[in-house]
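Before any comments, here is the structure.
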Amino acid sequence: MNNRLHTYFDRTRVGRRDYFRQLIFLTFAPISILLFGLHLFGSYGLTNKPALACSACYVVVSAVALIVYIVKGPKKLKYIMSAFLLSLIIIQNVRLLLLASMGLHDPMLTTVNITVCYILVLIASISILPRISLVCTCINIISMFLCHYLTDNSMYGQLLVIFGFTSVATTVFGFVANKLLREQQMELDDYANTIDQVLNVFNMRKNELLALLKLAKAQDTAAVYNKELMAQLDKKTLHNIIKVANQIEHMQACRRKDMHERFPMLTPTELDVCRLVEQGLAINDISKVLGKSASNVSTVRGNIRKKLGLAQDADLRRALLDYKNV
């Protein structure tokens, strides 16, 4: 059953948010039909006509929302759920005003009805519908204020403060969550597009890219000849990698030639270190690139300073760049 549900949601969702939104809708709508349907049959609650009429409206709206969802599909769920929640909040607040006008001020009954109003605000927020949550909050606050004004009952004033503040806080949470999810979605989309572009440029599959990254990251040089990883790279991918490597080697050769013309007194190793220093690499990074120890690179840097007549505390990179600009 669990696997079937996951398969259904994966097949029908049109966005990352819709997975959670569908789950909430398909849970809350049937529960509304069940609970308020039981009220219609007199299983609990008031049996007066206004209360029963509101429950009947609840059942009808929930059933219609489910039918529209089935007919239109998940692509319209955001609009279906928005209309669904707005309809329920209006019905619930009409119930609250009717009970207040009828003089039914039982604290438990009133608190339960206002709690239902807040639950609708909460559902709108966690469904990432912050604007609907804001509208529901405004309707709730206006309704509780009218109940307090019409009945002059202090209980409504106290509930207005408690549930008004809670509803506002929940709405703010909805807006913040919506903003964070939008930013996260943009980052994920950008990351996915970058990966797709890399795969497209090199004409690679994902498993080939992962194999290449493992080979490139390997600290042990013997790992470069790992047959299992190399087997995952097809001929076209290897051709592209070799082509890029040749281009990089050609670029580095040009830089070495330029360095040799500027500093003919330096050895090939010293020229390589100069080239990497110019690029802004630190000693540890240079040692990894050249496959030498950090102490060896430090010694080479010292020799370069002596041959260029620089003081020990002089900025080697700045000096090399100044030579380049001369």
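Please read all numbers here as calculations on a predicted model, not as lab measurements.
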- prompt: With distance as the sole test, does S133 use its side chain to make a donor-acceptor pair with the main-chain N or O of L129 at under 3.5 Å?
  reply: no

statement: Tightest non-hydrogen contact, residues R95 and S55, listed as NH2-OG, 3.2 Å

query: Shared ILVMFWY cluster between M108 and M155, side chains joined below 4.5 angstrom?
result: no

query: Under the salt bridge (charged side-chain N to carboxylate O under 4.0 Å, His left out) rule, what pairs show up with a residue in residues 168-182, not counting sequence neighbours?
result: K179-E183

field: Nearest heavy-atom neighbours spanning V121 and S167
entry: CG1-O, 4.0 Å

- request: Can you spot which of T166, T170, T171 makes a side chain to side chain donor-acceptor pair (under 3.5 Å) with T137?
  value: T171

- prompt: Cluster question for you: counting only ILVMFWY and a side-chain heavy-atom cut-off of under 4.5 Å, with indirect links fine, are L134 and I90 together?
  reply: no

query: Looking only at heavy atoms, which two atoms of A294 and I283 are closest? And how far apart?
result: O-CG2, 3.5 Å

- request: Could you tell me how the ring of F84 sits relative to the ring of F28: parallel (under 30°), tilted (30 to 60°) or perpendicular (over 60°)?
  value: perpendicular

- prompt: Say you draw a straight line from CG of L66 to CG of L26; how long is it, rounded to the nearest 0.5 Å?
  reply: 7.0 Å

message: With heavy-atom distances below 4.5 Å as the criterion, would you say the side chains of S32 and V59 are in contact?
response: no

Test item: K72 and L77 side chains (from C-beta on) under 4.5 Å apart, heavy atoms: no

- prompt: Regarding R131 and S82, is there a side-chain donor-to-acceptor distance under 3.5 Å anywhere?
  reply: no

message: Are V135 and I128 connected into the same hydrophobic cluster when the rule is that any two of I, L, V, M, F, W, Y join if their side-chain heavy atoms are below 4.5 Å apart?
response: no

- prompt: Do S287 and S293 meet the criterion of a side-chain donor-acceptor pair at a distance under 3.5 Å?
  reply: no

- request: Before accepting this row, confirm whether a basic side-chain N of the pair R301/E270 lies closer than 4.0 Å to the acidic partner's carboxylate O.
  value: no

